[in-house]
2 protein chains.
Amino acid sequence: MNGSRTKAQAGVNLPALRHHNAALILDLLRAAGAEGISRLELAEGTGLTPQAVSKITARLREDGLAVGAGLRPSTGGKPRTVLRLVPDAQFAVGLHLDRDGLTAVLVDLAGRPVAVTRAPLDLGAPADRVLAGAADAVHDLCAAEPHKPVLGVGVAVPGPLDHRDGVLRRVTGFPQWDGYPLRAALAERTGLPVALDKDTNAAALALALAPGGAGGGDFAYLHLGTGLGAGLVLGGRVHRGARTGAGEFGHQTLQLDGPLCGCGGRGCVEALCLAAEARGDRPEAARILGAGAANLVGLLDIDRVVLGGRTVAADEDTYVRGVRAVIEERASRGGAGAGVTVTVARGGDRPVAEGAAQLVLAPVFGRVGEGE
Amino acid sequence: MNGSRTKAQAGVNLPALRHHNAALILDLLRAAGAEGISRLELAEGTGLTPQAVSKITARLREDGLAVGAGLRPSTGGKPRTVLRLVPDAQFAVGLHLDRDGLTAVLVDLAGRPVAVTRAPLDLGAPADRVLAGAADAVHDLCAAEPHKPVLGVGVAVPGPLDHRDGVLRRVTGFPQWDGYPLRAALAERTGLPVALDKDTNAAALALALAPGGAGGGDFAYLHLGTGLGAGLVLGGRVHRGARTGAGEFGHQTLQLDGPLCGCGGRGCVEALCLAAEARGDRPEAARILGAGAANLVGLLDIDRVVLGGRTVAADEDTYVRGVRAVIEERASRGGAGAGVTVTVARGGDRPVAEGAAQLVLAPVFGRVGEGE
DNA sequence: TCCACTTAAGCAACGCTGTTGCTGAAGTGC
DNA sequence: GCACTTCAGCAACAGCGTTGCTTAAGTGGA
């Protein structure tokens with residue numbers, strides 16, 4: 001009780017401590033990228049002593065996860081040795097199961113894709129056939145790096161689901177998936193650990209872990225395509241909520257007793273925004289999206305709004321400017337949103353598959369969401 | 001970068017590990033209340049071994065924070081010894097600085113108030129005078145338990161502020177508080193550690209830690225008084241956002257291009273809701289509040305909505321039923337919100353002062369927000 | 001009444017963590 | 001060439017939770 005559900009089983013013993021600190025170091029190595037980072041900087045970043053960092057990095061080097069990468073210029077003494085992550089020490093597979101296609105990607109530890117496959121997909125087909133196609137894609141990708149360990153498979157799907165037990169819920173229009181234990185089924189077929197999440201959450205995770213992602217902090221990813229959804233990153237972690245249902249942004253009421261939405265409600269952002277798009281009034285669509293975004297910014301006090309999806313990609317400028325205008329106007333009146341940046345996620349749907357792979361990689365770097 | 005701001009300095013060494021596990025045990029003891037909890041249950045709740053729990057509880061007993069409290073009935077062997085928290089081992093002071101009054105409360109470790117004082121307050125008076133009044137209240141309360149340690153002072157204020165550095169921002173109508181370093185000033189006057197937060201966050205914290213609080217999980221506290229604000233508890237912790245600004249619920253747009261609000265915006269929930277109240281249409285006010293609450297429930301996938309504040313207190317039933325109706329209607333259409341409970345926080349403003357004290361107590365039990 | 005059995009809790013030894021203190025390595029600069 | 005600075009690793013150490021075992025304190029059947 002008292003919210004302790006998320007804290008249950010949170011006792012820390014020495015192996016857990018060791019794992020935690022190693023993950024922390026790995027995360028800093030990953031963030032440092034190819035440039036690398038010195039032991040003393042790692043010590044400063046973790047609060048551990050330099051000697052502890054030396055021991056931990058020695059273990060990581062033994063495991064092949066880190067290597068030396070040259071020296072820093074001397075500042076009057078022995079120059080610092082630079083360490084960097086070995087990206088191709090381990091890999092992960094990301095799957096994006098969408099309504100009309102399957103994208104599969106093999107990424108290295110740094111999150112970079114090293115192999116991609118795409119195939120058409122009929123979500124209406126029997127589950128077994130869809131699953132077989134997904135498993136085949138996984139096997140093909142694993143063959144791209146035959147002698148390196150693949151940590152697992154991350155899967156991003158459009159519909160509602162339970163992230164904890166890996167079971168789908170009510171994929172709109174495809175009743176055969178309702179209650180389907182996708183995680184267990186795919187884990188059995190591939191022999192690999194499987195993690196499952198919503199597509200918007202995967203995209204948000206990809207952005208949260210992207211190198212040079214314009215700084216970190218809390219942000220929201222708003223995806224405007226055939227629908228409108230959101231992925232939230234709070235405190236550097238994907239916020240999934242109690243039932244993996246967080247991020248239902250599109251059916252936020254923005255116009256009390258407004259026009260009917262496909263969901264049965266009235267005045268939902270999604271309906272208003274897409275209606276404006278449909279009648280060609282894109283600035284109005286952007287303004288509506290901005291109003292929803294501003295609500296979210298005020299409610300959560302986030303630093304950053306990232307827009308994505310096909311509809312946004314069609315006219316990035318109008319959407320970015322429109323959303324930014326609404327947020328800045330509210331901030332200028334003394335409301336929330338001062339200093340919030342509005343940007344666009346490029347690359348279409350590819351980030352979703354990469355984010356799915358990050359579902360597997362995130363735990364390696366200690367980036368575990370609350371629903372895990 | 002990459003959201004690691006919240007993870008900086010997160011390296012864990014042995015003292016940190018010890019402190020973490022002790023806090024975890026203390027939190028379970030607190031949650032168990034006067035009934036107590038056995039060592040083996042503590043072991044199960046933390047994931048630690050029974051022997052580790054024995055060692056930790058032995059230290060807590062030495063420090064006077066825990067005591068034995070009888071035996072469980074035997075299940076065929078040696079009966080379990082029950083342990084419970086010693087509530088009056090330590091205390092904390094909570095202050096609620098409101099526009100028209102100062103409420104101060106001394107609470108024990110269990111969060112129960114043992115002494116309360118109230119005094120009128122003029123926030124428009126010079127800062128020094130207000131501060132002197134607050135410091136006096138603290139000293140008077142400390143005298144109520146002369147020989148017990150007081151851990152610190154928690155302060156709840158209405159306006160925007162920065163929780164991290166304890167500085168006020170733009171308290172509406174009282175420009176002399178803009179930028180005032182309340183935490184530092186009060187810490188110097190009282191010689192005690194001081195924590196500062198918004199009143200709605202304090203209320204939410206009080207609810208999150210309340211014994212028998214109808215189960216835990218994520219929830220939102222919606223306060224409808226002269227204004228409308230929210231306190232969010234996600235993952236058992238108060239969500240404050242990057243700048244302690246989270247919870248701006250009242251100026252969420254609910255009616256695009258609707259009536260003008262005092263904030264300068266249009267169609268804010270607060271304006272719509274209070275306008276309906278003013279014209280006597282309370283069911284409509286409740287429906288509007290419910291629409292805003294449903295937006296929040298969908299966005300964050302929370303378990304529970306708690307209503308409070310003077311306006312709600314005037315007609316709890318109408319508000320609870322109205323808000324519940326909107327959330328349930330949306331859930332029934334397949335939207336978010338299934339199983340969400342809507343309840344009322346009673347006790348008027350008293351919980352705010354108690355929640356302020358919990359700002360000091362929360363770290364003892366490992367309940368540290370992200371902004372700390 | 002006794003004794004076998006069950007369950008809980010503590011003692012002792014242990015492995016392993018990060019820390020401390022110090023030594024050697026590898027540069028700079030007068 | 002030597003004094004100084006800075007980094008990195010070795011060795012000893014304190015302290016954490018764990019493991020293995022013993023003792024305590026009940027139940028229940030013979």
Side-chain angles (χ1 to χ4, degrees), chain A residues 8-26 28-29 32 36-63 66-84 366, chain B residues 8-26 28-29 32 36-63 66-84 366:
Chain A
Q9 301 288 337
V12 178
N13 54 20
L14 286 170
L17 176 146
R18 170 187 172 136
H19 185 262
H20 172 89
N21 285 341
L24 212 58
I25 297 282
L26 279 171
L28 290 175
L29 284 170
I37 183 171
S38 74
R39 286 174 180 76
L40 285 152
E41 287 160 347
L42 289 169
E44 202 173 348
T46 57
L48 297 171
T49 60
Q51 178 63 15
V53 172
S54 275
K55 284 189 179 180
I56 293 167
T57 53
R59 290 198 298 259
L60 294 178
R61 280 160 54 188
E62 255 184 57
D63 297 343
V67 288
L71 302 173
R72 284 277 161 78
S74 167
T75 59
K78 178 174 175 177
R80 300 183 174 183
T81 310
V82 174
L83 300 171
R84 70 169 174 81
Chain B
Q9 300 288 335
V12 177
N13 54 19
L14 288 169
L17 177 145
R18 170 186 172 138
H19 185 261
H20 172 89
N21 286 342
L24 212 58
I25 298 282
L26 278 172
L28 290 175
L29 285 170
I37 184 171
S38 73
R39 286 174 180 76
L40 285 154
E41 288 158 348
L42 290 170
E44 202 173 348
T46 57
L48 297 171
T49 60
Q51 179 63 14
V53 171
S54 275
K55 285 188 178 180
I56 294 167
T57 54
R59 289 197 298 260
L60 295 178
R61 280 160 56 188
E62 254 183 58
D63 297 344
V67 287
L71 302 173
R72 284 276 162 77
S74 166
T75 61
K78 177 174 175 177
R80 301 182 175 184
T81 310
V82 174
L83 301 171
R84 70 169 174 80

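Chain naming here is simple, since letters A, B, ... match the order of the sequence lines and numbering starts at 1 in each. The figures here come from the full heavy-atom set of this structure, side chains too, leaving out hydrogens, waters and symmetry mates. Predicted, not measured: the structure shown is a model, and the values here were computed from it.
Between A:Leu40 atom CG and D:dT5 atom P there is a gap of 17 Å when expressed in whole angstrom units. Rounded to an integer number of Å, the gap from CZ of B:Arg39 to P of D:dG17 is 15 Å.
For B:Pro50, the side-chain contact (heavy atoms from CB on, under 4.5 Å) partners two or more places apart in sequence, or in a different chain, are B:Leu40, B:Ala43. Among residues two or more places apart in sequence or in another chain, the side-chain contact (heavy atoms from CB on, under 4.5 Å) test is passed with B:Ser74 by B:Pro79. For the side-chain hydrogen bond (donor to acceptor under 3.5 Å, both in side chains) test, residues two or more places apart in sequence or in another chain that qualify with A:Ser38 are A:Glu41. With sequence neighbours left out, the side-chain contact (heavy atoms from CB on, under 4.5 Å) criterion links B:Ala58 to no other residue. Residues satisfying the side-chain contact (heavy atoms from CB on, under 4.5 Å) test with B:Thr81, not counting sequence neighbours, are B:Arg39, B:Leu71.
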Per-nucleotide protein contact along nucleotides 22-30 of chain C, 5' to 3', at a 4.0 Å heavy-atom cut-off (B base, S sugar-phosphate only, - neither), is ---BBBS--
Expected string for nucleotides 12-21 of chain C under the B/S/- scheme (protein heavy atoms, under 4.0 Å, primed atoms plus P, OP1, OP2 as sugar-phosphate) is BB-BBBBBB-
For nucleotides 28-30 of chain D, which of its nitrogen or oxygen atoms have a protein nitrogen or oxygen under 3.5 Å away, and what is each distance?
none

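Screening residues 49-60 of chain B for salt bridge (charged side-chain N to carboxylate O under 4.0 Å, His left out), with sequence neighbours left out, gives no hits.
No contact: A:Ser38 has no heavy atom under 4.0 Å from any strand.
Taking both residues in full, the closest heavy atoms of A:Leu83 and A:Leu29 are given as O-CD2, 3.7 Å, listed atom of the first, atom of the second, then distance.
Not one side-chain nitrogen or oxygen of B:Ser54 sits closer than 4.0 Å to the OP1 or OP2 atom of C:dA9.
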